[in-house]
Amino acid sequence: MGLIPGLPESETVTGSTFLLASYGYLLLQGANLISDGSELLLEVLDPGIIGGLVLPILGAVPDAAIILMSGLGGTVEEAQEQVAVGMGTLAGSTIMLLTIAWAGSIYLGRCDLVADSRGNLIAKDKTLGKYNSPWDWRKTGVTTDAATRENTYPMLLSSFLFLIIQIPAFAGYVEDTAAAYTALFLSFFALAIYCVYQVISPELQERKMQKARANMMKHHAVNAMAGLAGEHGHVLLCSETGALSIEATRAIFEKFDSDGSGELDTQEVKGLLVGLTLGMENLELNSADADAWFRELDKDKSGTVSFEEFYHCLDLWVKQKHSSSTSPIHSAHPPRQHGAEQEGAYTPLQDLEDGQGEEEEEDGEDDDDEEEEEIQLTRTEIYTQAVGKLLMGTFIIVLFADPMVESVSSFAKATNLPAFFVSFVITPFASNASELVSSLQFAAKKKRKNISLTYCQVYGAVTMNNTMCFGVFMSLVAARGLKWEFSSEVVTMLLAIWIMAFVGSRGVTFQLWMAPVVLLIYPLSLALICFCDFVLGWH
């Protein structure tokens, strides 16, 4: 019987499989709500206390809840048996992120590798198959920015926390209370240090916030252009299928082509920028914004923007908006800016085109981002929605984490499989699916900044596993006096972390051949745990 009475349980293979799938789906929905709520907060909050402290912790809530519930109820003997589910979740989540998410990002995000001025191979954004064969193992791959490798260092250092309890276990002290409490204290101390590091150096949160805000700014500008098209007698800027109207686009173009030359110069593009952002409150435009727009529009670098260049850019923009909205693009009431504006705020076209202005380009072309409303929300409305989603997601996870643990144990007994292996494979995909899918989709944009953010998220999530989730696990071990019988799991986890920390810190370019090699770590990890448990007798 779980901690929450009245929820269904089953002892059969069919029944436990159904419950496993059902509770896994509910946990996935809870994780999705937390992820959506976190992204909403990033639209209105600057990086800092919230971005560096609250959001990383919220991201680790699903795994932490499963770990906590695995050993919270029942007798000590029952807790000792079920806590294997918690260890399976912890190990499975870490290894899944370091292998499936990492390798999948190379495969989906790979671009042609070209030599720079110093002879180093660098991925050229969105150029797969242009310079090399798309399946060339050595001449296709991904490149991250230099700061990404720095995120491997906290991941590596935090992994040594496992040795505090593991070294005494190797010496035969499987019930070392002092070591358990020491590991508990130091893991949460390390969590605090890591959060302070994130607050002081909030690069990852800044990137996430820029990504979330860019989508809002794109939609605002499309609505503004739709309004301009309406003023010239055009009902819609584009059709319901997303086809951009040439006549409406030309009308907008000619409105800002003040000298009638058939091309837009820098001053006319600045007028376009001002005209499209009039409805956005607290937006302070500067010359950098106009320069960014001009770079994106002037694809051939001729110094002026032709109608063809303008149409191509707006067509891409409209298609991105149409792909994330079920309603036709139309002019709404003047949208209200709901982001915390900073000096040098990002402009919409800065986030649209590919391959130009790489240093200034931000990652706003996120076709998958949800955007249900044409009229933008106020800060209060966003806070309300964000908090509501965070609370609901947390409630769902806390409510169904214990039944999920019970279902894993029941399924393991019904199939004569160790509970650890069931939880190693299944629960991480339920608790991390939204993060895994969004990371892979983001990497598939085939841009350096996208792949950098993806890998930063992977390394950061593993660091949270090493600190917060491990600390929760150690609180169970210390408070309930559980034996430490997880040597094979810890050794396997540490090997995976150390290998990937070495790989991630050695360079910024990763070739396609590395993807299948890294992916092999996942099945090899399971094989190593089996070898240690059943051959060496570590369990």
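All residue numbers refer to positions in the sequence shown, counting from 1.
Between Tyr153 and Tyr459, the ring center distance fails the sub-6.0 Å criterion. The six-membered or imidazole ring of Trp538 lies away from that of Phe486, with a centre-to-centre distance of 6.0 Å or more. Ring to ring, Phe170 and Trp484 are not that close: their centroids are 6.0 angstrom or more apart.
Proximity of a side-chain donor or acceptor of Tyr455 to a complementary backbone N or O of Trp102 within less than 3.5 Å is detected. When atom types are taken as modelled, the side chain of Glu78 and the backbone of Thr75 share a donor-acceptor pair closer than 3.5 angstrom. No donor-acceptor pair under 3.5 Å is formed between the side chain of Thr394 and the backbone N or O of Leu391. With Asp125 contributing its side chain and Arg448 its backbone, the two residues share a donor-acceptor pair below 3.5 Å. Lys446 places a side-chain N or O within 3.5 Å of a backbone atom of Arg110 that can act as its donor or acceptor partner. No donor-acceptor pair closer than 3.5 Å links the side chain of Ser93 to the backbone N or O of Leu90. For the pair Thr94 (side chain) and Ala91 (backbone), a donor-acceptor distance under 3.5 Å is absent. Judged by distance alone, the side chain of Ser475 and the main-chain N or O of Val472 form a donor-acceptor pair under 3.5 Å.
Looking at heavy atoms from C-beta onward, Phe188 lies out of side-chain contact with Thr467 at the 4.5 angstrom threshold. Inter-residue side-chain proximity for Asp116 and Asn120 is flagged as met; some heavy-atom pair is nearer than 4.5 Å. Side-chain atoms of Leu163 and Phe160, non-hydrogen and from C-beta on, do get closer than 4.5 Å to each other. In this structure, Leu512 and Val142 have side chains that are not in contact, with every pair of non-hydrogen atoms separated by 4.5 Å or more. Using a 4.5 Å heavy-atom cutoff, the side chains of Val458 and Asn151 are not in contact. Using a 4.5 Å heavy-atom threshold, the side chains of Phe470 and Leu184 count as separate. Within the 4.5 Å cutoff, side-chain heavy atoms of Ile396 are placed close to those of Leu33. Counting heavy atoms from C-beta outward, Lys445 and Ile451 have side chains that stay 4.5 Å or more apart.
For the atom pair Met500 CE and Ser505 OG, the distance stands at 10.0 Å (nearest 0.5 Å). Between the CG atom in Leu186 and the OG atom in Ser158 there is a gap of 12.5 Å [rounded to 0.5 Å]. Going from atom CG of Leu68 over to atom OG of Ser70 covers 7.5 Å, rounded to the nearest 0.5 Å. To the nearest 0.5 Å, the span separating CZ on Phe162 from CG on Leu494 amounts to 6.5 Å. Separation of atoms CE (Met474) and CG (Leu482) is listed at 9.0 Å; rounding is to 0.5 Å. Rounded to the nearest 0.5 Å, atoms CD1 (Ile497) and CE (Met155) are 7.0 Å apart.
Heavy-atom minimum distance, Ala146 versus Val508: CA-CG1, 4.1 Å. Across all non-hydrogen atoms, the minimal contact from Ala515 to Ala103 is O-CB, 3.3 Å. Nearest heavy-atom pair, Ala101 versus Ser105, reported as atom, atom and distance to 0.1 Å: O-OG, 2.7 Å. When every heavy atom of Ile100 is checked against every heavy atom of Leu440, the shortest pair comes out as O-CD2, 4.4 Å. Across every non-hydrogen atom of Ala180 and Val477, the tightest pair is CB-CG1, 4.2 Å. Across every non-hydrogen atom of Ala401 and Met69, the tightest pair is CB-CG, 3.8 Å.
Donor-acceptor pairing under 3.5 Å is recorded for the side chains of Asp145 and Thr148. The closest side-chain donor-acceptor pair between Thr89 and Thr427 falls under 3.5 angstrom. Using modelled atom types and a 3.5 Å distance limit, the side chains of Thr509 and Thr143 yield a donor-acceptor pair. No hydrogens or angles considered: nothing links the side chains of Thr140 and Gln511 as a donor-acceptor pair under 3.5 Å.
Partners of Tyr522 under the ring pair (Phe, Tyr, Trp, His ring centres under 6.0 Å) rule, at least two apart in sequence or in another chain, are Phe424.
Between Phe189 and Phe185, the ring planes lie parallel to each other; the angle is under 30°, not in the 30° to 60° tilted range.
Of the charged side-chain nitrogens involved, none lies within less than 4.0 Å of a carboxylate oxygen, so that Arg480 and Glu77 do not count as a salt-bridged pair.
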Should Ile106 and Val518 be marked as a side-chain contact (heavy atoms from CB on, under 4.5 Å) after you check the CA-CA gap, both sets of side-chain angles, and the distance that decides it?
CA-CA 10 Å; Ile106 289 185; Val518 169; over 6 Å; no
For Cys530 and Phe421, run side-chain contact (heavy atoms from CB on, under 4.5 Å): C-alpha distance rounded to whole Å, both residues' side-chain angles, the deciding distance at 0.1 Å, then the answer.
CA-CA 9 Å; Cys530 289; Phe421 293 104; 3.5 Å; yes
Report the C-alpha separation of Val408 and Tyr23 in whole Å, then their side-chain angles, then the decisive distance to 0.1 Å, and conclude whether the side-chain contact (heavy atoms from CB on, under 4.5 Å) test is met.
CA-CA 10 Å; Val408 169; Tyr23 291 135; over 6 Å; no
Under the criterion side-chain contact (heavy atoms from CB on, under 4.5 Å), I'd like the reasoning laid out for Leu98 against Ile521: C-alpha separation, chi angles, the key distance, then a yes or no.
CA-CA 9 Å; Leu98 290 175; Ile521 295 177; over 6 Å; no
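Residue Ile67 is tested with Ser423, Pro62, Cys469 for a side chain to side chain contact (heavy atoms under 4.5 Å, CB included); the sole match is Cys469.
Environment of CE in Met514: crowded, with over 12 heavy atoms of neighbouring residues, nucleotides or ligands closer than 6.0 Å. Dense packing is recorded around CZ of Phe534, with more than 12 heavy atoms of other residues, nucleotides or ligands lying under 6.0 Å away.
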